[in-house]
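A short write-up of the structure that comes next.
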2 protein chains.
Amino acid sequence: MRMADTSMAGKSPGLRESKKRRTRLAIERAALDLFEVQGFDGTTIDEIAAAADISPRTFFHYFPSKEDVLLADYATRLHKIVAALKTGPSGLAPWHALRGAFLTVAADYESEREQLLRRFRIIQSTPSVAARNLLLQASWEDAVTDAVSEWLNVDSSTDIRPRLVAGAALSAMRASLGYWLADNGRSRLPDHITYCFDLVEDGLGQIVRQS
Amino acid sequence: MRMADTSMAGKSPGLRESKKRRTRLAIERAALDLFEVQGFDGTTIDEIAAAADISPRTFFHYFPSKEDVLLADYATRLHKIVAALKTGPSGLAPWHALRGAFLTVAADYESEREQLLRRFRIIQSTPSVAARNLLLQASWEDAVTDAVSEWLNVDSSTDIRPRLVAGAALSAMRASLGYWLADNGRSRLPDHITYCFDLVEDGLGQIVRQS
DNA sequence: TGCGTATAGTGCAAACTTGCATTACACGCA
DNA sequence: TGCGTGTAATGCAAGTTTGCACTATACGCA
């Protein structure tokens, strides 16, 4: 039977796909709500499952862990960075291309500031979530390392530099994000990013040399 | 009430203390052996506890998790870095002091190369251990950030630079370590450290500017 | 030597996580 | 419309991790 094709986002919905999508959103919504009320550790999988109307076992078909409910959407931004790197104007110096890619992501962050701040507060205050977050960032570093190696046309397994560049870029991103979060988003994230990237490009300025 | 510390550091064992030390070593030895034979995930707490002659519950009085058996001793090196930073000749530029501190740790690494290589192989190939490792490194970064702030006489909550410096230093350390591990320790770790630190000091050299 | 206390060790239960087996169901096709 | 197939959902069990309560014991002191 031809289901009412609600002609959503330009693709074939498919009952199965739309159900999955709805279930995923239900889990995310239920979990976030419970986290804010009861805290992350005070919320059990069973409660989330009940609120999302699924079995506890099914939860793990959608998210590898309780932590990932907070980080999954955040993780998809990696693709944006890598995409921004691949499609970026190749006339740029690698470091400036990286800065551009991270500024793109930063713009996203600012546009969803409230959403992200709420999540980040939980992430930062819960060690297990912080750990998972770091694991994600490590995969970011791997991806950026690959992109930089490709750009420089070197092999990252025999040349240490691509990973160092990626690590420095990620450090700049982390430091900027931490600073931005510390003042609850009163400052502008892109400004921090630009500042940090330029500082690294300048060999960390006089900071490094001052005694 | 303080215990009667008889002059020598670690001399007067005390039955209780020596028992604890012996138990801890027994756990570590048993776990490492089992990991090498059966793999990390293939080894259960029950097996480790049986081999170390303790109850499974007691295991967690010595190590917060199975992962930490591999990382605990590795974690104490943080103190060496911070100590090297505090006691380092204050005439040096901060960045060179950092390089010196990391070179000290690198020397330790090389002197126990075989031991560490075996552990690192497990760490790198087991995601849960890698995650715990990253969490440890984050605490390293915090400690280094504090040390640098103190050095520069700035407040790391209002000045973004100490964290950026710490992040860059840790990135240099990570990249060097990864490279050193990749060739099974054929190269010299301190050389990589020096190279990376100098490269950062030079604003990542032409890598950053090349297109 | 014997006693009170602090701490190590243990058992138990709840929650998280995952592999395996089974069931329910959406999809494509005749 | 009905059927076979593949995927989602579920139940179950083992293992990890942690808080709580209880026991055993090493320690310091009289």
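Since this is a predicted model, take the numbers as computed values, not measurements.
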Taking atom CZ of B/Arg29 as the centre, report whether more than 12 heavy atoms of other residues, nucleotides or ligands fall under 6.0 Å from it.
no

In this structure, are over 12 heavy atoms from other groups packed under 6.0 Å from A/Asp191 atom CG?
yes

Is there side-chain contact between B/Met173 and B/Val105, with heavy atoms separated by less than 4.5 Å?
yes

Under a 4.5 Å cut-off applied to non-hydrogen side-chain atoms, are A/Asp73 and A/Glu28 in contact?
yes

Reckon [X] has a side-chain N or O less than 4.0 Å from the OP1 or OP2 of [N]?
X       : N      : result
A/Lys20 : D/dA8  : yes
A/Lys19 : C/dA26 : yes
B/Tyr62 : C/dA8  : no

Is the ring pair B/Tyr179/B/His192 parallel, tilted or perpendicular, if the boundaries are 30 and 60 degrees?
perpendicular

Report the distance from atom [atom1] of [X] to atom [atom2] of [N], rounded to the nearest whole Å.
X       : N      : atom1 : atom2 : result
A/Arg22 : C/dC25 : CZ    : C1'   : 14 Å
A/Phe59 : D/dG11 : CZ    : P     : 16 Å
A/Phe60 : D/dA13 : CZ    : P     : 18 Å
B/Glu17 : C/dA6  : CD    : P     : 17 Å
A/Glu67 : C/dC16 : CD    : P     : 10 Å
A/Phe63 : C/dC16 : CZ    : P     : 15 Å
A/Arg21 : D/dA8  : CZ    : P     : 15 Å
A/Asp46 : C/dT17 : CG    : P     : 12 Å

Contact list for DNA chain D against residues 49-56 of chain A - heavy-atom distance below 4.0 Å:
A/Ile54, A/Ser55

Each nucleotide N or O in nucleotides 19-23 of chain C that has a protein N or O under 3.5 Å away: list the pair and distance.
{"residue": "C/dG19", "atom": "N7", "partner": "A/Arg57", "partner atom": "NH2", "Å": "3.0"}
{"residue": "C/dG19", "atom": "O6", "partner": "A/Arg57", "partner atom": "NE", "Å": "2.5"}
{"residue": "C/dG19", "atom": "O6", "partner": "A/Arg57", "partner atom": "NH2", "Å": "3.4"}

Looking at the side chain of B/Arg16, which of D/dT16, C/dA8, C/dT18 is the nearest nucleotide?
C/dA8

We want to know whether [X] and [Y] form a side-chain donor-acceptor pair, criterion being a heavy-atom distance below 3.5 angstrom.
X        : Y        : result
A/Ser171 : B/Ser171 : yes
A/Ser149 : A/Asp146 : no
A/Ser65  : A/Asp68  : yes

Distance-only, no hydrogens or angles: does the [X] side chain make a donor-acceptor pair with backbone N or O of [Y] under 3.5 Å?
X        : Y        : value
B/Glu110 : B/Arg188 : no
B/Lys66  : B/Ala31  : no
B/Ser125 : B/Ile122 : yes

Students often get this wrong, so: under 4.0 angstrom with heavy atoms, is B/Glu47 touching a base, only sugar-phosphate, or nothing?
nothing

Audit row: B/Asp46, B/Thr44, side-chain hydrogen bond (donor to acceptor under 3.5 Å, both in side chains) steps and yes/no
CA-CA 5 Å; B/Asp46 285 1; B/Thr44 70; 5.3 Å; no

Using a heavy-atom distance cut-off of less than 4.0 Å, which residues of residues 34-45 of chain A contact DNA chain C?
A/Thr43, A/Thr44, A/Ile45

